[in-house]
Amino acid sequence: MADGTKRGLPSAAEWIGFAALAAVVLLLYRAGGAGQGNAPVEIGLPLPELKVAGWINSDGLGRDELAGRVVVIDCWATWCGPCVASLPTLSAIHQQYGPMGVQFIGLTDETGESMIEAFLSKRDGVDWPIGYGAAPTSMDLGITTIPTLIAYDKSGRVAWSGHNPAELRSVLDRLVLQ
């Protein structure tokens with residue numbers, strides 16, 4: 001060092017400070033910080049091809065199987081507190097609108113199939129298809145914040161997107177009647 005003193009490894013306090021700073025930066029980035037904002041998915045965009053590593057509760061879904069249906073995509077993660085907190089509400093909405101032909105799909109960028117299955121086994125009513133390893137689809141959708149819900153109309157275009165599952169009911173009422 002310039003003053004001639006010898007500097008060793010960082011202290012425990014320095015490591016903790018660095019780790020805390022890194023965690024804050026990661027959270028800001030994942031939450032749409034760094035100037036990206038919390039913009040939902042653009043209305044009118046078409047449903048992209050669902051590029052995932054694999055499926056839980058399904059053999060797989062593509063645009064052909066979803067054509068002519070109202071589709072709800074939930075972009076989520078097991079480690080996301082708001083995502084986990086919204087699952088009971090989404091389960092109730094799924095129970096109400098699933099029989100009306102609304103297709104629910106969960107997408108997570110996480111890749112650990114057995115870990116996700118273990119997580120889901122502790123959640124009642126989460127029996128819709130879950131695509132894991134969905135980072136390519138998340139990028140195609142421009143997802144910057146989770147949870148993000150996206151409702152597609154019967155023509156396969158984004159009709160609504162947001163973060164509050166309670167708003168989804170009125171959107172689905174409108175889309176199912178179209």
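Predicted model, so just to flag it, every value in this text is computed and none were measured.
For K51, the salt bridge (charged side-chain N to carboxylate O under 4.0 Å, His left out) partners are D140, not counting sequence neighbours. A159 meets the side-chain contact (heavy atoms from CB on, under 4.5 Å) test with D153, L175; sequence neighbours excluded. Among residues two or more places apart in sequence or in another chain, the side-chain hydrogen bond (donor to acceptor under 3.5 Å, both in side chains) test is passed with R157 by none. With sequence neighbours left out, T89 forms a side-chain contact (heavy atoms from CB on, under 4.5 Å) with I93, P165. Residues meeting the side-chain hydrogen bond (donor to acceptor under 3.5 Å, both in side chains) test with E110, sequence neighbours left out: T78, T108.
Here the side chain of S161 pairs no donor or acceptor atom with the backbone of I150 at under 3.5 angstrom.
For residues 135-162, there are no ring-ring contact (aromatic ring centres under 6.0 Å, His included) pairs, not counting sequence neighbours. Applying the salt bridge (Lys or Arg N to Asp or Glu O under 4.0 Å) test to every pair with at least one member in residues 167-178, sequence neighbours left out, gives no pairs at all. Residue pairs meeting the side chain to side chain donor-acceptor pair (under 3.5 Å) criterion with at least one partner in residues 54-65, sequence neighbours excluded, are E49-R63.
M139 and I146 are assigned to two separate hydrophobic clusters, defined by single-linkage of ILVMFWY side chains at heavy-atom distances under 4.5 Å.
For the pair V102 and V71, the minimum side-chain heavy-atom distance is 4.5 Å or more. For the pair L172/Q96, no side-chain contact is recorded, criterion being any heavy-atom separation below 4.5 Å from C-beta on. Counting heavy atoms from C-beta on, the side chains of I130 and W76 come closer than 4.5 Å. L141 has its side chain within reach of P48: a pair of non-hydrogen atoms, C-beta onward, lies under 4.5 Å apart.
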Hey, can you pull the donor-acceptor pairs under 3.5 Å for the side chains in residues 113-127, sequence neighbours left out?
from	atom 1	to	atom 2	distance (Å)
E113	OE1	Y132	OH	3.0
S121	OG	A118	O	2.7
R123	NH1	F119	O	3.1

side-chain contact (heavy atoms from CB on, under 4.5 Å) assessment of T145 paired with H163: CA-CA 8 Å; T145 304; H163 310 291; 3.8 Å; yes
CA sep, side-chain torsions, deciding dist, call: L90, D74, side-chain contact (heavy atoms from CB on, under 4.5 Å): CA-CA 9 Å; L90 287 175; D74 174 27; 3.3 Å; yes
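The two residues P82 and P147 have their closest heavy-atom pair at CB-CD, 3.7 Å. The minimum heavy-atom distance between V176 and K154, with the atom names listed, is O-NZ, 3.5 Å. Here the closest non-hydrogen pair linking P88 and A85 is CD-O, 3.3 Å. Scanning both residues, L50 and L107, for their nearest heavy atoms gives CD2-CD1, 4.4 Å.
Remark: S86 OG to L149 CG distance equals 6.5 Å, nearest 0.5 Å.
The aromatic rings of W128 and F104 sit tilted relative to each other, their planes meeting at an angle between 30° and 60°.
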